[in-house]
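Inspection log for the structure reproduced underneath, given as C-alpha cells.
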Amino acid sequence: MSAREFTCVVCPNGCSIVVEVDDDETPVVAKVRGNVCKRGEEWARQEVENPLRTIASSVSVSGGDFPLASVRTTRPIPLGKIRDVMETIRQVTLAAPVEIGDVVLVSPAGCDTEVIATRGVGSASRDVRRAAKAKGGMKE
Amino acid sequence: MNGRERIPAEHRSVVVVGGGPAGLAAAIAAKEHGCDDVLLVERDHILGGILNQCIHDGFGLHTFKEALSGPEYADRFIRKLRGLHIETAEGTIVLSLSPDRVLEVSTRGALRRIEADAVVLAMGCRERTRGAISIPGRRPSGVYTAGAAQNFMNLENIMVGRNVAILGSGDIGLIMARRMTLEGARVEAVFEILPYSSGLPRNIQQCLNDYNIPLFLNTTVTEILGAGRLEGIKVAQVGSDRAPICDTERFVPCDTLLLSVGLIPENELTREAGVAIDPVTSGAVVDDRFMTSVPGIFSCGNVLHVHDLVDWVSVEAAQAGAFAAEYAGSGRRTAERTISVVPGAGVRYTLPQALSGDQACTLSLRVQEPWRDRSVVVTDNGREVARKRMMRLHPAEMIRLDIAVEALSGCSSLEVSVG
Ligand SMILES: Cc1cc2nc3c(=O)[nH]c(=O)nc-3n(C[C@H](O)[C@H](O)[C@H](O)COP(=O)(O)OP(=O)(O)OC[C@H]3O[C@@H](n4cnc5c(N)ncnc54)[C@H](O)[C@@H]3O)c2cc1C
Ligand code: SF4
C-alpha cells in the first residue's frame, strides 16, 4: 500500500487528492482523500489506473509552402503508449496540400484514436527553399 | 517637417494592430458591431500570432468546449474574419502611432499613413531574455528563450539541443520540456527561483511528472559555462531573500538552456502615443470599455496584461473591438470615468483601473501568492460590493470577477483584496 498525491486538474479548484494505491501488480485505487467531488475522484482513479493523454507533434510535408504540419491525437491515449505513437508519427511524410483536420494516421500503435493535421499547408512554389528543408527531416 | 509627414494619410474607421487571437477577435467584433471599415495590420506573413507555434492542445476549452491546438483555435477565428470580408494587411508593421491616431505602417519598405477614428492595440508580448534577468557567465550558443525554441522546433523544423535544462517554470517552458522529451532530447530539470511553480498544475503533471522531469523550487541558475557551445550551468538554492546560498551551488551539464522567465507586453507604440502605463502590468491603464488614457486608443490581449488562457484573450478583445466600433460610430464619444479601481491586500493588479459605472463589468486580477479557500473581496470606501469565494488562488492563474451594474451604483473608489 502506498499513497500518491495529485492536484486535480478537472476544474480550477485544484483540490489536492491523496490516493492510496494497492500496488502489488497493477495499481488499484484503495481510497481517495481530500475535499474532492465525484468528478475529481473519477479523474484520480483514471490517473492511477490508466492515465490518458492527448499528444501533439509535427510531421514533414513535401512540396508545401511550409516544411511542417502540426498534428495531434483526436482522443487521449494511454500514457504508456506515447513513445510508440510518437515513433509511428515520426515515420510519416505528407504531400502538400494539407488541410486542417486531414486524417494522418488511424489507430497508431493500436490506440483507439486518429492523428489529424492541425495546420494547413498549401502547395509548393511560393517558398521552395522551405519545402526542400522539410525533406531533410529534423535538423540538428 | 520630415519627408514622412508629407505622405497623404488615408482614413479608416477602426484599425487593429496585431493579428493574434486578440486582434482577430477585436476585428471580428468591430465589424459585427456595425463598423464596415475595419483594417487589421499584422507584421508576420500569416495571421494567428503566437498561436501558430503552440501546437499542443488545450486551447478553446471555454469557447468551443473542445481541446484544440493553437493553430486550430486561430483558424476558427481566421475563417470567421474572412467570412465577414474584413480587410487584412499581412507582412505589414505599424512603425508609429501618434496621440491623434495617425499610424505609420510599412509593407516591405513602402510607407503608408493611416488616420483612424479608433485604434485597437493587440501587439501581444515578447519573452523576457537572459539580459532581463542578468545571469552572469559566458555567452555561448545554446541559450534560448523557451518561445524561440518553440518557434525553431514547430515552425522551422530545427531541434535546438539534446541535453536541456530549463530556468523558470512558466507554461511555455513546461510545454517545451515535454515537446523536447518527445522528440528525443533529455531534459535534466526545471529550476524555479520562487517557492511555487508559475505554471498551471495541469502542465506540471502532464509535461514534467509524466516524464519524470524534476522541478527544483527555490533554485536558480548562477552561472553559464562553455566556450563556443554551452557546456553546463551552475545552479544554487536561494534563501527567502531570493539570493543564492553559496554552499548549495552545483554543476549541471547541458548543451541547451531554455529560459521561461516571463513575458513583457510589447508597448513601444503605446508609450509613443502617450498612453499611461500601469507599472505592475506593464500594459496600458484602461477603463471598462478597454479605452486607454488617450481617447480612441483601445488595448486588449497580452499587450494589455499577460493572460494564461487564450479564451479570455478572445473574450476581452471582442469587448475592446465592440467598444472601438461604438466610439468610431458615435462621433468619438467617451464615457465618463466615475469609479477608480485599485488593488488592495494580497492582490498584485486589477484591471480595468477605472469604470464608468453605467454597465456591468468583469474585473481581471492576479493574487500575489498562492492561497487556499479565501475570497476575493471588492469594497467601496470600506463597504462590500462583491465577493467571490475560491478554493484555490494562484498567481499563475488570472481570476475574473463579474460585478453587476446595480452593485456599482453610488460607488466612487473600489479596492480589490484577498479576504
Ligand atoms: C512564446 C510564447 C508562447 C506561448 N505559448 C503559450 C502556450 O503554449 N499556451 C497558452 O495558453 N498560451 C501561450 N502563450 C500565451 C499567448 O500568447 C496568449 O494566450 C495569446 O496568444 C495572446 O494573444 P495576443 O493576440 O494578445 O498576442 P499574440 O498572439 O502575441 O499576437 C500579437 C500579434 O501582433 C503582431 N504585432 C506586434 N507588433 C506589431 C506591429 N508593430 N505591427 C503589426 N503587427 C504587430 C505580432 O506579430 C503578433 O502576431 C504564449 C506566449 C508567448 C509569447
Ligand atoms: S476534485 Fe472536483 S472540485 Fe476538486 S478540483 Fe477536482 S473537479 Fe474540481
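Keep in mind that this is a model prediction, so the values were computed, not measured. Every chain is numbered from 1 and lettered A, B, ... according to where its sequence line falls, protein lines coming before strand lines.
Heavy atoms closer than 4.5 Å to chain B are found nowhere in A/T73, neither backbone nor side chain. Residue B/Y211 touches chain A through its side chain alone, counting heavy-atom pairs closer than 4.5 Å. Contacts of A/T7 with chain B are made by side-chain atoms alone, with heavy-atom separations under 4.5 Å and no backbone atom involved. Heavy-atom distances place no part of B/A74 under 4.5 Å from chain A, backbone and side chain included.
Separation of atoms CG (B/N157) and CZ (A/F66) is listed at 10.0 Å; rounding is to 0.5 Å. Residue B/D57 holds its CG atom at 6.5 Å from CZ of A/R72, rounded to the nearest 0.5 Å. Rounded to the nearest 0.5 angstrom, B/Q206 CD and A/L79 CG are separated by 9.0 Å. With rounding to the nearest 0.5 angstrom, the CD1 atom of A/I82 is 6.0 Å from the CG atom of B/D210. In this structure, CZ in A/R53 is found 5.5 Å from CD in B/Q205, a value given to the nearest 0.5 Å.
By the side-chain contact (heavy atoms from CB on, under 4.5 Å) test, B/L47 is found to be paired with B/L24, B/L40, B/E42, B/I78, B/L81, B/R82, B/T88, B/E90, residues two or more places apart in sequence or in another chain being considered.
There is no side-chain donor-acceptor pair under 3.5 Å between A/R83 and B/T181. Judged purely by distance below 3.5 Å, without hydrogens or angles, the side chains of B/E72 and A/S70 never pair a donor atom with an acceptor atom.
Few gaps surround NZ on B/K388; more than 12 heavy atoms of other groups in view lie less than 6.0 Å from it. Annotation for B/R79: atom CZ does not count as buried by contact number, only 12 or fewer foreign heavy atoms lying within 6.0 Å.
Considering B/H56, B/R179, B/M153 in turn, B/R179 is the only one that fulfils the side chain to side chain contact (heavy atoms under 4.5 Å, CB included) rule with A/S57.
B/S69 places none of its side-chain heavy atoms less than 4.5 Å from the side chain of A/R119.
For the pair B/L182 and A/A56, the tightest heavy-atom approach, listed with the atom from each and the gap, is CD1-O, 4.4 Å.
Residues of residues 92-116 of chain A that come closer than 4.5 Å to chain B, counting heavy atoms only, are A/I100, A/I116, ordered by residue number.
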